[in-house]
Amino acid sequence: MADTGMNQGRLLLSWSTGKDCAWALHALRKAGEYDIAGLMSTTIGDGASERVAMHGIGRATLLAQAGAAGLPVVEVPLPDPCSNEAYEKAMTGFVARARADGITHIAFGDLFLEDVRRYREEKLAGSGLTPVFPL
């Protein structure tokens, strides 16, 4: 079930399974400015070994968290190991699919990571997805 708010656009939240992204979801819901369409998570592996790329948490936990939040998950599969080139190619494909599905914004729960924020802003410039940093 998606959230509805003042609807500045449809948003996906980058979901690493960690506390920062959970706090970002709380902040987004409290602000009520976006239609939160789901969670986006990069995953690696296949079958029983599939896990979230950022923290190595199992896919079952990812799906349980999404279920508890009442939101669907958009998975972006990555090879293991994953070069920066492969990561950027996968993310370019994700951005194209998200835009085709009417997503206008992507939120990140990064704390105190100005270099990561600049990287995200640079890579999303001109993509049709506006980055949001609710924390």
Side-chain angles (χ1 to χ4, degrees):
M1 173 183 296
D3 293 344
T4 57
M6 294 170 22
N7 202 3
Q8 291 187 25
R10 293 188 73 223
L11 177 142
L12 288 173
L13 171 59
S14 179
W15 192 261
S16 67
T17 67
K19 63 187 177 305
D20 296 348
C21 60
W23 189 250
L25 177 58
H26 170 76
L28 287 165
R29 285 181 162 165
K30 186 174 180 181
E33 297 173 355
Y34 299 94
D35 173 12
I36 303 172
L39 310 175
M40 181 280 293
S41 189
T42 54
T43 56
I44 55 177
D46 55 21
S49 67
E50 195 167 25
R51 60 198 185 280
V52 176
M54 178 58 73
H55 294 302
I57 302 298
R59 186 171 180 268
T61 300
L62 165 66
L63 297 177
Q65 288 177 336
L71 294 168
V73 176
V74 176
E75 292 183 57
V76 180
L78 300 175
D80 187 19
C82 184
S83 67
N84 195 53
E85 181 180 333
Y87 173 80
E88 289 185 1
K89 182 178 179 181
M91 292 307 291
T92 297
F94 155 72
V95 168
R97 289 186 305 276
R99 288 296 299 134
D101 289 341
I103 301 299
T104 57
H105 295 76
I106 183 160
F108 301 95
D110 303 324
L111 289 175
F112 310 115
L113 298 171
E114 288 301 318
D115 57 331
V116 174
R117 180 179 178 145
R118 277 191 304 278
Y119 172 83
R120 296 187 195 291
E121 289 170 335
E122 288 170 9
K123 292 299 179 182
L124 289 169
S127 71
L129 285 185
T130 302
V132 175
F133 302 92
L135 301 182

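What you see below is based on every heavy atom in this structure, not just the backbone, and it leaves out hydrogens, waters and symmetry mates. What you are looking at is a predicted structure, and each value in this text was computed from that prediction instead of being measured. The first residue in the sequence is number 1, and the count goes up from there.
- Contact record, Gly109 with Ala24: CA-CB, 3.8 Å, taken as the closest heavy-atom pair.
- Note: Glu75 CD to Glu50 CD = 5.5 Å, rounded to the nearest 0.5 Å.
- In this structure, Ile36 is not a member of the same hydrophobic cluster as Phe108, with clusters built from ILVMFWY side-chain heavy atoms closer than 4.5 Å.
- One finds the CG atom of Asn7 at 11.0 Å from the CD atom of Glu33 (value rounded to the nearest 0.5 Å).
- Leu13 and Ile103 are assigned to two separate hydrophobic clusters, defined by single-linkage of ILVMFWY side chains at heavy-atom distances under 4.5 Å.
- Residues Met91 and Leu78 fall within the same hydrophobic cluster, defined by Ile, Leu, Val, Met, Phe, Trp and Tyr side chains chained together at heavy-atom separations under 4.5 Å.
- Residue Val52 comes nearest to Ser41 through the heavy atom pair CG1-OG, 3.5 Å, listed as atom of the first residue, atom of the second, then distance.
- Using a 4.5 Å heavy-atom threshold, the side chains of Trp15 and Val73 count as separate.
- Leu11 and Val74 are not part of a single hydrophobic cluster, where members link through side-chain heavy atoms under 4.5 Å apart.
- The NE2 atom of His26 lies 14.0 Å from the SG atom of Cys21; values are rounded to the nearest 0.5 Å.
- Judged as a side-chain hydrogen bond (donor to acceptor under 3.5 Å, both in side chains), the pairs with a partner in residues 96-114 (not counting sequence neighbours) are, in order, Asp110-Arg120.
- Although no hydrogens or angles enter the test, the distance criterion places a donor-acceptor pair under 3.5 Å between the side chain of Gln65 and the main chain of Thr17.
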Apply salt bridge (charged side-chain N to carboxylate O under 4.0 Å, His left out) to the pair Arg117 and Glu121, showing each step before the final yes or no. CA-CA 6 Å; Arg117 180 179 178 145; Glu121 289 170 335; 3.1 Å; yes
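- Here the closest heavy-atom approach between residue Ala53 and residue Ile44 is recorded as CB-CG2, 4.1 Å.
- Under the 4.5 Å side-chain heavy-atom criterion for grouping Ile, Leu, Val, Met, Phe, Trp and Tyr, Leu28 is connected to Leu71 within one hydrophobic cluster.
- The two residues Ala86 and Cys82 come nearest to each other via the heavy atoms CB-SG, 4.0 Å.
- What you find for Ala69 and Arg29 is that their closest heavy atoms are O-NH2, 2.5 Å.
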Can I get a per-line list of side-chain donor-acceptor pairs under 3.5 Å for residues 123-135, giving both atom names and the distance, sequence neighbours left out?
from   : atom 1 : to     : atom 2 : distance (Å)
Lys123 : NZ     : Glu88  : OE1    : 3.4
Lys123 : NZ     : Glu88  : OE2    : 3.4
Ser127 : OG     : Leu124 : O      : 2.7
Ser127 : OG     : Leu129 : N      : 3.1

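- Scanning both residues, Leu12 and Ala98, for their nearest heavy atoms gives CD1-CB, 4.4 Å.
- Between Glu122 and Arg118 there is no salt bridge, since none of the side-chain N atoms of the basic residue sits less than 4.0 Å from a carboxylate O of the acidic one.
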